[in-house]
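Below is one structure; the comments refer to it alone.
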Amino acid sequence: MKRTHHCNELRPAHIGQTVTLSGWVHSRRDLGGLIFIDIRDREGRTQTVFDPSDLTPEQFTQAASLRSECVVSLTGKVRHRPDGTNNSKIPTGEIEVGITAFEVLNMAEVLPFQIDDPEAAAKVAEDTRLQYRYLDLRRPEMARNLKVRSKVAIATRSFMDEQGFLEVETPTLFKSTPEGAREFLVPNRREAGTFYALPQSPQQFKQILMVAGVEKYFQLARCYRDEDLRADRQPEFTQVDIEMSFIDREDIYALIEGLLKRVWKTALNMDIPTPFKRISFEEALNRFGIDKPDTRFAMELVDMTEDFRASTFKVFSGTIANGGVVKALNAKGLAGATQGQLETMTEYAKSFGAKGLAFIKVENGEWKSPIVKFFSEAEKAALTTKLAIQEGDLILFAADQWLNACEILGKIRLYCADVLKTQGKLVIDPKQFNFLWVIEFPLLGFDREQNRWYSSHHPFTAPVADDIQFLKTDPKRVRGQHYDIVVNGVELGGGSIRIHQPNVQKTIFEELLAIPPEETRLRFGYMLDAFKYGAPPHGGIALGFDRLIAILCGTQSIRDVIAFPKTAKGTCLMTDSPSQVSPKQLRDLYIEVKAKPVTPPAPAPAK
RNA sequence: GGGGGUGUAGCUCAAUUGGUUAGAGCGCUGCCCUGUCACGGCAGAGGUUACGGGUUCGAGCCCCGCCACUCCCGCCA
């Protein structure tokens, strides 16, 4: 009995037809003399009815033994439901199938957790869901996520194809290039002590492809980073990797805007307006305290430096005298913040090296604050005006070096927004998507501990042409041709126009990043070689595909949009990896394990 | 590497100040039920309170250790 329809297909128009549905028993309502079974497949579900007058007694008994998630093939006639028994919650709710024959393809044991009730299933502990991922993925919510992911991948490929891009696969057994993220290493059996590394990104290959004349490359590339995980970070992940020749930044902006337009249309049937707004790194920090601002709500940072330059409050004026700034933030309506919430904010501030967090609670027409007694009338007036202070507000201050002060308040701003959201005082439309290009990042940052410059993006990023002159004299001033695409406070991706002249690249490596020439040769020699033979000017971008899908699916965790994700410690609960290997495997790889194997914990109950 | 949170029945949770035999809903098992869709009714089974120590007359609860999961900082060119 092959299926004739899927479980979300039958409508009143099919009434009278004999059909066969295949799928899983979603739920069963056994009324004794009549059994209802909702059969579910990937597409949806349909109510079927087992009536003793249509079946042999043996068949009816067998039907009564079916439980959740048994696999069945059901044949019967589509009919109207009796008056008053339509189910408006499901698309097939106007009809039902009166079963005349069926086949049990497989029985199912009692489930470790229920998957038929969306609310209950959503509350199940994530480790249980991960251990039984094949059950978790049957839930319609998870199936939908996989579907969105597939649709978006295909839309991306067809869009990129239309734009003249070639999809090229690059190796996942690559060379260790220990700049940036820690790499996963793969030992080489053929030569003791040598290793491949899994790529953190196809960065170098895609630039070489430009030298190879591919001109327009893209790939849905798997990338690997051996760093600690977060809700939005997995050790292996997928990025939409793009590189083009003979272009400038505007070409990338236009391309990505077109791609995202297509993606939002495909996934959500939404028309997103383009072009996207642009904001400089400096402005983003000044206004939002972060380089990936969430602009769906205001609560912007305000600079109070000039108002407090001559203040008698030494904490502020002293910081300013040392070249620092005073920034303030009005958390509207948060005057009622609890002690705990204020402490959390203070901890944030302290984790950035601040001594504390100054605040003013505006309650009952009064400014409650340990510091306000030090403020002059003029200073108070400036605060009132610039911060639009009203009853019920909470004002927070950071006095520090510019970047620090901004970042502290940036964190606090997000924290306050979360608190206001849970209090219902801040409501954000889930259908709102604020796209933003963040541009004009500094090319280099300075590492005080190691006393050297580092690339704020990566060492292949081209400086803004006007700033090349400052490379050797005033590196801090050099802006990079780097851009990030941000939506709703999430960094969706980033890229840059690359350096294509070997001499500029050499200057960056050797003079600024202070990598010794022989090491540069060892690590990037092949790339510098390639650039000698006619490298076109080029640039590109990479979008975090998992994050993109998470945003489209409205989930916080990328684990919800990855079929088989790892836990926060990088393990797979379903397959129990990583695992120990046999001594022979280790011998073949010339590897000796020094650390004592951990005494295996009680193994998870095998089911 | 650091900080926070969680761990009690298959699942989700409760258990007063440390005090009787650790409870509930769902699920599961049995019986009844021909219009349910969170079906309903009756009865029942199901627990090494993650694990190992300790304090105490007495520990799910307090202390120490440890494991797992999770969130954040560091890290993620």
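In what follows, chains carry the letters A, B, and so on, assigned in the order in which the sequence lines appear, proteins first and then strands, with residues in each chain numbered from 1. The shown structure was predicted, so the numbers you read here are calculated from the model rather than taken from an experiment. Only this structure's heavy atoms are used, side chains among them; waters, hydrogens and symmetry mates stay out.
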Any side-chain N or O of [X] below 4.0 angstrom from OP1/OP2 of [N]?
X: A:T85; N: B:U36; value: no
X: A:R67; N: B:U29; value: yes
X: A:R29; N: B:U34; value: no

Is [X] touching bases, backbone alone, or none of the nucleic acid, heavy atoms closer than 4.0 Å?
X: A:R559; result: sugar-phosphate
X: A:D30; result: base
X: A:R230; result: base
X: A:E96; result: base
X: A:A125; result: sugar-phosphate
X: A:R79; result: base
X: A:A120; result: nothing

Sticking with atom [atom1], work out how far [N] lies from [M], rounded to a whole angstrom.
N: B:A59; M: B:C42; atom1: C1'; value: 38 Å
N: B:G10; M: B:A45; atom1: P; value: 16 Å
N: B:C61; M: B:U8; atom1: C1'; value: 11 Å
N: B:A24; M: B:C63; atom1: C1'; value: 31 Å
N: B:C69; M: B:C75; atom1: P; value: 24 Å
N: B:C62; M: B:G2; atom1: P; value: 24 Å
N: B:U6; M: B:C33; atom1: C1'; value: 43 Å
N: B:U55; M: B:C13; atom1: C1'; value: 30 Å

Please determine whether any donor N or O and acceptor N or O are separated by less than 3.5 Å between the side chain of [X] and the base of [N].
X: A:R233; N: B:C76; answer: yes
X: A:N87; N: B:C37; answer: yes
X: A:Q47; N: B:U36; answer: yes

For [X] and [N], what is the distance between atoms [atom1] and [atom2] respectively, to the nearest whole Å?
X: A:L66; N: B:C28; atom1: CG; atom2: P; value: 13 Å
X: A:R28; N: B:G40; atom1: CZ; atom2: C1'; value: 14 Å
X: A:K89; N: B:U36; atom1: NZ; atom2: P; value: 13 Å
X: A:N86; N: B:U36; atom1: CG; atom2: C1'; value: 13 Å
X: A:Q114; N: B:A9; atom1: CD; atom2: P; value: 15 Å
X: A:I558; N: B:C76; atom1: CD1; atom2: C1'; value: 12 Å
X: A:Q234; N: B:C69; atom1: CD; atom2: C1'; value: 14 Å
X: A:F36; N: B:C37; atom1: CZ; atom2: P; value: 9 Å

Item to check | Toward the 5' end of RNA chain B, by each residue's nearest nucleotide, A:T571 or A:T128 | outcome: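 Whichever sits nearer the 5' end wins; that is A:T128.
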Checklist entry - 5'-most contact on RNA chain B: A:D38 or A:D232, nearest heavy atom basis? => result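 Result: A:D38.
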Item to check | Ring-base stacking, A:F113 with B:C11 (5.5 Å, 30° cut-offs) | outcome: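 By the stated criterion, A:F113 and B:C11 do not stack.
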Nucleotide paired to [N] in any strand shown, Watson-Crick or G-U, under 3.5 Å:
N: B:C13; value: B:G23
N: B:G40; value: B:C32
N: B:G65; value: B:C51
N: B:G58; value: none
N: B:G18; value: none

Are [X] and [Y] packed together at the side-chain level, in the sense that at least one heavy-atom pair is separated by less than 4.5 angstrom?
X: A:Q204; Y: A:H458; answer: no
X: A:I439; Y: A:Y483; answer: yes
X: A:Q505; Y: A:N503; answer: no

Next on the checklist: Counting the benzene-type ring for Trp, do A:F524 and A:F460 have ring centres under 6.0 Å apart?
Outcome noted: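 Yes, the ring centres sit under 6.0 Å apart.
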Of the listed nucleotides [options], the one nearest the side chain of [X]:
X: A:D228; options: B:C28, B:G1, B:C69; answer: B:G1
X: A:K123; options: B:U12, B:G35, B:G74; answer: B:U12
X: A:L31; options: B:G1, B:G35, B:C69; answer: B:G35

Next on the checklist: Quick one, A:H14 with A:R79, criterion side-chain hydrogen bond (donor to acceptor under 3.5 Å, both in side chains). Give me CA distance, side-chain angles, the key distance, then yes/no.
Outcome noted: CA-CA 8 Å; A:H14 297 91; A:R79 65 192 189 209; over 6 Å; no
Item to check | Reported CG-to-CD1 distance for the pair A:L443 and A:I499, which is rounded to 0.5 angstrom | outcome: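 Reported value, rounded in 0.5 Å steps: 7.0 Å.
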Item to check | Distance, nearest 0.5 Å, that separates CZ of A:F205 from OH of A:Y217 | outcome: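 Output value for this atom pair is 10.0 Å.
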Checklist entry - Going by distance alone, is a donor N or O of one side chain under 3.5 Å from an acceptor N or O of the other, for A:H80 and A:E94? => result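 Looking only at side-chain atoms, A:E94 and A:H80 do not form any donor-acceptor pair under 3.5 Å.
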